[in-house]
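Below you'll find the structure, written out as structure tokens, and then a few comments.
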2 protein chains.
Amino acid sequence: MRDGGTSSTVRKRADARRNEQTLLDAAAAVFVARGVDAPVRAIAAAAGVGMGTIYRHFPTRADLVIGVYRHQIDALVSTAAHLLAESESPAAALAQWMDGFVDFLVTKHGLAGALRSEEASFDTLHAYFLDRLVPACASLLDAATAAGETRSDVDALTLMHAAGNLCIGVEGGGDAASDAHRMVGLLIAGMRLPAVG
Amino acid sequence: MRDGGTSSTVRKRADARRNEQTLLDAAAAVFVARGVDAPVRAIAAAAGVGMGTIYRHFPTRADLVIGVYRHQIDALVSTAAHLLAESESPAAALAQWMDGFVDFLVTKHGLAGALRSEEASFDTLHAYFLDRLVPACASLLDAATAAGETRSDVDALTLMHAAGNLCIGVEGGGDAASDAHRMVGLLIAGMRLPAVG
DNA sequence: TCACAAACGGAACATCGCTCCGTATAGTGA
DNA sequence: TCACTATACGGAGCGATGTTCCGTTTGTGA
């Protein structure tokens with residue numbers, strides 16, 4: 001289990017705990033203003049700390065990104081079960097959940113792109129997303145497949161990759177965002193099997 | 001019309017013409033080996049020329065990329081008409097053409113990613129792709145829509161963007177390439193309308 | 001042959017991610 | 001209250017990269 005920063009295994013110094021929170025807040029603000037790819041220096045400046053401080057708390061920028069969006073990712077994971085229980089069909093639940101995933105990505109400048117970055121430092125981010133979100137997606141996809149609603153030759157990982165890619169370069173809530181939603185919708189529509197009377 | 005380098009409006013010096021070709025050849029080789037994002041220095045070194053020479057011939061890296069792939073892009077454009085004439089249906093032609101587009105992107109390390117890059121220097125590349133390929137795609141899509149085979153609420157630009165994005169991060173002919181083909185296939189499947197008796 | 005425009009090469013500048021180490025300070029036991 | 005030490009901080013510095021700039025070299029026409 002990853003240490004979320006509030007763990008008590010080793011109590012950190014008070015200034016360290018304060019700085020970690022300051023950094024998360026500053027990073028969140030900078031990510032909104034300048035995107036997830038904002039220079040580390042800019043985040044350090046916004047938080048009023050030095051470069052060394054950032055890298056001690058968050059060894060790579062990916063760790064900082066995870067720290068900022070952890071709660072939202074976890075929330076996305078937890079909606080999967082609710083949707084499955086409440087939707088009229090597993091396929092509908094899957095479609096709704098993917099829509100939520102797209103919403104999340106589309107409102108974070110550059111996050112979808114960072115997920116696909118080949119930079120080694122983003123491996124952690126990639127891994128975190130996959131660890132958390134793929135199982136959630138798989139639970140919905142498996143249910144839809146078991147119900148005979150969708151084809152079974154596309155796995156959750158591939159589907160998530162595709163949906164993530166379709167969000168690359170989209171920012172804000174404009175036409176591009178609506179296009180991303182529609183394209184992911186088409187993708188899922190393409191997976192549906194005709195109901196067998 | 002963009003000057004392809006062989007125009008005769010102003011005859012360039014012999015060494016300049018030679019270097020332009022040397023650069024294109026070297027760039028093609030480096031792109032294969034290290035991807036479209038290879039450092040400019042690496043291309044200059046491979047061509048045995050200085051940095052200044054690269055930038056005089058190709059003001060941005062995008063221009064170099066265009067120079068290297070121009071022929072293949074043009075070929076892709078010209079297949080659209082053939083496919084439309086020879087396929088059994090416009091929708092089938094569209095699907096085949098998109099497959100060719102995916103093939104092209106998937107065999108060029110990082111090209112799909114560069115197309116989505118927000119770097120200003122890639123604008124030229126973006127524009128060239130759109131200028132050439134979107135009309136070709138539109139001709140097929142329009143035909144399919146007119147035949148009542150596909151829905152009419154997705155335009156060629158959006159479709160190309162989506163297909164391009166689905167190829168990001170894919171390299172070589174492995175599983176990822178096959179996934180890209182399948183995902184684009186699903187997208188187009190999602191656009192199909194049921195035949196009306 | 002000669003002069004000059006054209007073209008070349010690569011040093012230099014700006015920006016970025018990340019590391020390193022000297023300095024400052026929070027927490028603790030006397 | 002006061003040292004003392006582990007902890008944390010700050011920012012200069014390194015290596016890599018895209019791009020510009022300018023002194024030097026070279027093709028070419030007269």
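Below, read A as the first sequence line, B as the second, and so on, with proteins coming before strands; counting in each chain starts at 1.
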>> Can you pull out every side chain to side chain donor-acceptor pair (under 3.5 Å) where at least one residue sits in residues 45-56 of chain B? Sequence neighbours excluded, please.
In response: none

> What is the minimum heavy-atom distance between B:C137 and B:M98, and which atoms define it?
Replying inline: SG-SD, 4.4 Å

> Between atom CG in A:L23 and atom P in D:dA8, what is the gap in whole Å?
Replying inline: 13 Å

>> Can you list everything that forms a side-chain hydrogen bond (donor to acceptor under 3.5 Å, both in side chains) with B:S87? Sequence neighbours excluded, please.
In response: B:Q96

>> In whole Å, I'd like the distance from the CD1 atom of B:I43 to the C1' atom of D:dT17.
In response: 12 Å

Please list, for nucleotides 6-10 of chain C, all pairs of protein and nucleotide N/O atoms separated by less than 3.5 Å.
from, atom 1, to, atom 2, distance (Å)
C:dA6, N3, B:R13, NH1, 2.5
C:dA7, OP1, B:R13, N, 3.4
C:dC8, OP1, B:N19, ND2, 2.3
C:dC8, OP2, B:R56, NH1, 3.0
C:dC8, OP2, B:H57, NE2, 3.2
C:dG9, OP2, B:G50, N, 3.0
C:dG9, OP2, B:T53, OG1, 2.7
C:dG10, N7, B:M51, N, 3.1
C:dG10, N7, B:G52, N, 3.3
C:dG10, O6, B:G52, N, 2.9

> Over how many whole Å does the gap from B:L64 atom CG to D:dT19 atom P extend?
Replying inline: 11 Å

> Per the side chain to side chain contact (heavy atoms under 4.5 Å, CB included) rule, which among B:V102, B:V77, B:L141, B:L133 passes with B:W97?
Replying inline: B:L133

>> Whole angstroms only, please: what is the CD-P distance between A:E119 and D:dT17?
In response: 11 Å

> Just how far, in rounded Å, is C1' of D:dT19 from CZ of B:F58?
Replying inline: 16 Å

> For B:D37 and B:R18, take the nucleotide of DNA chain D holding the closest heavy atom to each; which residue's nucleotide lies nearer the 5' end?
Replying inline: B:D37

> Hey, what's the ring geometry for A:Y69 with A:F104, parallel, tilted or perpendicular (30° and 60° as the breaks)?
Replying inline: perpendicular

>> Heavy atoms only, 4.0 Å cut-off, all strands: where does A:S121 land among base, sugar-phosphate and nothing?
In response: sugar-phosphate

> Is the base of D:dG18 touched by the side chain of B:R41 through a donor-acceptor pair closer than 3.5 angstrom?
Replying inline: yes

>> Is it the case that over 12 heavy atoms from other parts of the model lie below 6.0 angstrom from the CG atom of A:D153?
In response: yes

>> Between C1' on D:dG18 and CZ on B:F122, what's the gap in Å once rounded to a whole number?
In response: 10 Å

>> From OH of B:Y55 over to P of D:dT17, roughly how many Å is that when rounded to an integer?
In response: 12 Å

>> Rounded to the nearest 0.5 Å, what separates atom CG in A:L23 from atom CD1 in A:I43?
In response: 8.5 Å

>> From CZ of B:R61 over to P of D:dT17, roughly how many Å is that when rounded to an integer?
In response: 11 Å

